[in-house]
S.K.: 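First, the structure itself, so that you have it in front of you.
Here the structure is a predicted model, which means the values were calculated and not measured.
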Amino acid sequence: MRSDIVKRGAERAPQRSLLKALGLDDVDIEKPLIGIANSWNELVPGHVHLRRVAEAVKAGVYAAGGTPLEFNTIAICDGIAMGHEGMKSPLISREVIADSVELMANAYQLDGLVLISSCDKIEPGMVMAAARLDIPCIFVSGGAMLCGYYGGRRLVLGDVFEAVGRYLKGEITLEELKLIEDHCCPGVGSCAGMYTANTMACLIEALGLTLPGGGTIPAVDARRLRLAREAGRRIVKLVEEHLTPRRILTREAFENAIAVDVALGGSTNAVLHLMAIAREAEVDLSLELFDKISKRTPQLVDMMPGGPIAVEDLDRAGGVQAVMKRLAKAGLIHLDALTVAGEPIGELLKRARVLDEKVIRSTSNPVRSTGALAVLKGSLAPDGAVIKTAGLKKIKHRGPAKVFNSEEEAVEAVKNGEIEQGDVVVIRYEGPKGGPGMREMLTITSILVGQGLGEEVALVTDGRFSGATRGLMVGHVSPEAAEGGPIALVENGDFIEIDVERRVLELEVDTVELEERRRSWKPLRKPLRGVFARYAMLAESASKGAVMRRLAL
């Protein structure tokens, strides 16, 4: 066993002594040592219940003959961090989480890992660590939040953000806004729509790193605890079988995950996270691959926020496995991809069932004939930009730019009535380096939607969007402004063309004028310290997953 280097032989008596100080005995120490990486804390609704999930995992590990040893990682709620300085932290935390899990597993030479988490950056951060370590690992999500209810309709987090815009426009009162606030998030779990947290939980299941059902079972459902217990039993078997993440995280597995993402209408953040995980697994993913798979894959589920389907509905309809079964029937899934269940995905799908045809549509009756993701290129984004097409009512826009160097500036302009129908709102210096941290823009996009401008204007940014964003909103513009990308040279009044069908994002300024602007351009400098300075110095482009550049030794 890997942990033998820590616990075997006379020279390891000091180490065994310290393990015994934890309450372990000789029998416990002889067993496989299974790390339980848990992101439990009291600051994130998706994590506050994870202690109970961890106890179920530990029970499974004990039952299968292993010794579970729990440790924690950090976790940030994007929703609470949204719209202010704090939003610079979440994407950077992905790298910190991956590093912390790697360090713990290396220090103790753990034989295997169970990764317990929910929410946007924690899930991919833990999977990045799994790919980096390449020791037996299994992932357990905390599960989705149930929908809230008010005024005869279901609510999810995006409804509160959009209600702020309606309040600012005078459509609802402050009292009505508070009632929506009070009823929107009824309890624990990842926010109920196909936002980034639930997108990544589903895609980790599609990758094969969690047991069937792991992506969609609600947080409050007892099946979540039963699955956690089974994951605890299964990790001990994975150690015995020497089945490690890189045998699972193949190119075929990533193609399966991308197909599921575009079939569900998942968050654009999935592009960043799948690319980051793939790099750790030494699999090359490009933006072009995402676009290629999206073009050939129909959208089968009309998920919130673009549609009416919540994660709890998807779960009742058969979950990720049922979606993959539909895609497999159309030849869009690699059936021989391995999974932590010990069987290839094709064998698992034989047991999958579509339980509600209205939720999970057939490929002959899709929501859309193509997937819910598009990669745009052009003079404004030579290296690419990303847009979520789920729920779009229009796919073309041409209009004059209103340029802002931060989200806060743009929000103030909307509040002051400075944004008009037909405008293209450009928000720059919010990319991986420029932010730093590539902030999500849910505050500005929600206010635009709430004020009735969601379909009347477009937004283009080198930052990114929450999975709750809807409308003609283009993110991940690369190269970013801080690197001197064309978005840094845009001026008020410049016309910008967006054409999703043609995959075009063009700045209608001639090259001579752009070169003249470039000669006088100076990057916007921000005073940075600590982790923010380190990330800004090392961050790669969004077109490469916003990962940190590897330093040559």
Side-chain angles (χ1 to χ4, degrees), residues 268 271-272 286-288 291 374-387 394-410 413 418-439 441 444-445 448 457-465 472-526 536-537 539-546 549:
T268 53
V271 176
L272 297 176
S286 65
L287 281 177
E288 288 75 17
D291 198 57
V375 175
L376 312 183
K377 286 193 173 183
S379 58
L380 188 53
D383 293 343
V386 178
I387 184 170
K394 67 175 184 176
I395 59 173
K396 294 182 181 180
H397 186 95
R398 180 180 178 272
K402 293 278 181 71
V403 184
F404 306 95
N405 288 337
S406 70
E407 184 188 17
E408 287 87 349
E409 291 177 19
E418 297 172 23
I419 305 302
E420 302 172 344
Q421 290 186 13
D423 284 345
V424 178
V425 178
V426 176
I427 303 177
R428 62 192 179 193
Y429 293 102
E430 291 285 12
K433 288 181 178 293
M438 203 179 179
R439 287 197 290 180
M441 302 285 152
I444 179 66
T445 59
L448 286 170
V457 302
L459 192 152
V460 175
T461 180
D462 55 7
R464 60 195 175 90
F465 296 120
L472 200 63
M473 314 293 180
V474 183
H476 305 202
V477 171
S478 301
E480 62 175 291
E483 291 188 315
I487 192 171
L489 308 178
V490 182
E491 295 182 357
N492 286 323
D494 289 347
F495 270 76
I496 292 172
E497 179 191 10
I498 303 166
D499 189 325
V500 177
E501 187 173 2
R502 291 171 47 229
R503 301 303 202 254
V504 164
L505 179 60
E506 294 286 352
L507 174 61
E508 296 181 1
V509 177
D510 66 59
T511 54
V512 174
E513 171 65 19
L514 283 179
E515 285 306 311
E516 181 66 28
R517 292 180 189 180
R518 185 172 295 283
R519 281 193 286 272
S520 60
W521 171 75
K522 293 181 180 179
L524 180 66
R525 301 294 185 189
K526 299 178 182 180
M537 181 168 53
E540 296 267 24
S541 167
S543 64
K544 297 181 180 179
R549 177 166 46 89

S.K.: Looking at Arg519 and Glu515, is there a salt bridge between them, counting it only when a charged N and a carboxylate O are closer than 4.0 Å?
M.R.: no

S.K.: Quick check on side-chain contact (heavy atoms from CB on, under 4.5 Å): which of Val403, Ile498, Val425, Ile387 does Val460 satisfy it with?
M.R.: Ile498

S.K.: For residues Ile487 and Leu380, determine if any side-chain heavy atom of one lies less than 4.5 Å from a side-chain heavy atom of the other.
M.R.: yes

S.K.: Is the shortest distance from a Lys or Arg side-chain nitrogen in Arg503 or Glu288 to a carboxylate oxygen in the other one below 4.0 Å?
M.R.: no

S.K.: Any idea which heavy atoms bring Ile427 and Ala410 closest together, and the distance?
M.R.: CD1-CB, 3.6 Å

S.K.: Taking Glu480 for the side chain and Lys433 for the main chain, is one N or O donor matched with an acceptor at less than 3.5 Å?
M.R.: yes

S.K.: If you compare all heavy atoms of Trp521 against all heavy atoms of Ala481, which two are closest, and at what distance to 0.1 Å?
M.R.: CZ2-O, 3.3 Å

S.K.: Of all residues at least two apart in sequence or in a different chain, which pass the side chain to side chain donor-acceptor pair (under 3.5 Å) check with Ser478?
M.R.: Ser541

S.K.: Ignoring hydrogens and geometry, is there a side-chain-to-backbone donor-acceptor pair from His476 to Ser543 under 3.5 Å?
M.R.: no

S.K.: If we only count heavy atoms from C-beta on, is the Asp383 to Leu287 side-chain gap below 4.5 Å?
M.R.: no

S.K.: For Leu272 and Ala542, which heavy atoms make the closest approach, and how far apart are they?
M.R.: CD2-O, 3.5 Å

S.K.: Any side-chain heavy atom of Glu483 within less than 4.5 Å of one from Asp462?
M.R.: no

S.K.: Are there more than 12 heavy atoms of other residues, nucleotides or ligands under 6.0 Å from atom NZ of Lys394?
M.R.: yes

S.K.: Show your working on side chain to side chain contact (heavy atoms under 4.5 Å, CB included) between Val426 and Asn492 and close with a plain yes or no.
M.R.: CA-CA 9 Å; Val426 176; Asn492 286 323; over 6 Å; no

S.K.: With rounding to the nearest 0.5 Å, note down the distance linking CZ in Arg398 to CG in Asp499.
M.R.: 12.5 Å

S.K.: Judged by atom type as modelled, is there a donor-acceptor pair below 3.5 Å linking the side chain of Arg439 to the main-chain atoms of Ser406?
M.R.: no

S.K.: Would you compute the distance between atom CD of Glu516 and atom CG of Leu489 and round it to the nearest 0.5 angstrom?
M.R.: 11.5 Å

S.K.: How far apart are the closest heavy atoms of Gly437 and Arg464, and which atoms are they?
M.R.: O-NE, 4.2 Å

S.K.: Looking only at atom types and distance, does a side-chain atom of Arg549 sit under 3.5 Å from a main-chain N or O of Met537, one as donor and one as acceptor?
M.R.: yes

S.K.: Run the numbers on Arg428 and Asn405 for side chain to side chain contact (heavy atoms under 4.5 Å, CB included), then give the verdict.
M.R.: CA-CA 5 Å; Arg428 62 192 179 193; Asn405 288 337; 2.8 Å; yes

S.K.: So, taking the atom named CD1 in Ile444 and the one named CZ in Phe404, what distance separates them when rounded to the nearest 0.5 Å?
M.R.: 7.5 Å

S.K.: Quick one: are Ser379 and Pro486 in side-chain contact, heavy atoms under 4.5 Å?
M.R.: no

S.K.: Glu540: which residues meet the side chain to side chain donor-acceptor pair (under 3.5 Å) condition with it, sequence neighbours left out?
M.R.: none

S.K.: CE of Met441 to OG1 of Thr461: how many Å apart, nearest 0.5 Å?
M.R.: 4.0 Å

S.K.: Of all the heavy-atom pairs spanning Val424 and Gly399, show the shortest one and how long it is.
M.R.: CG2-O, 3.7 Å

S.K.: Test of understanding: with side chain to side chain donor-acceptor pair (under 3.5 Å), list the residues that count as partners of Asp423, not counting sequence neighbours.
M.R.: Lys402

S.K.: Looking at every heavy atom in both Ala401 and Val490, which two are closest together, and how far apart are they?
M.R.: CB-CG1, 3.8 Å

S.K.: Is there a donor-acceptor pair closer than 3.5 Å between any side-chain N or O of Glu501 and the backbone N or O of Ile395?
M.R.: no

S.K.: Would you indicate whether the side-chain heavy atoms of Glu491 and Arg517 approach each other to under 4.5 Å?
M.R.: yes

S.K.: Just verifying a value: how many Å separate Glu497 CD and Arg502 CZ, rounded to the nearest 0.5 Å?
M.R.: 5.0 Å

S.K.: Any ion pair linking Lys377 and Asp291 (charged N to carboxylate O, less than 4.0 Å)?
M.R.: no

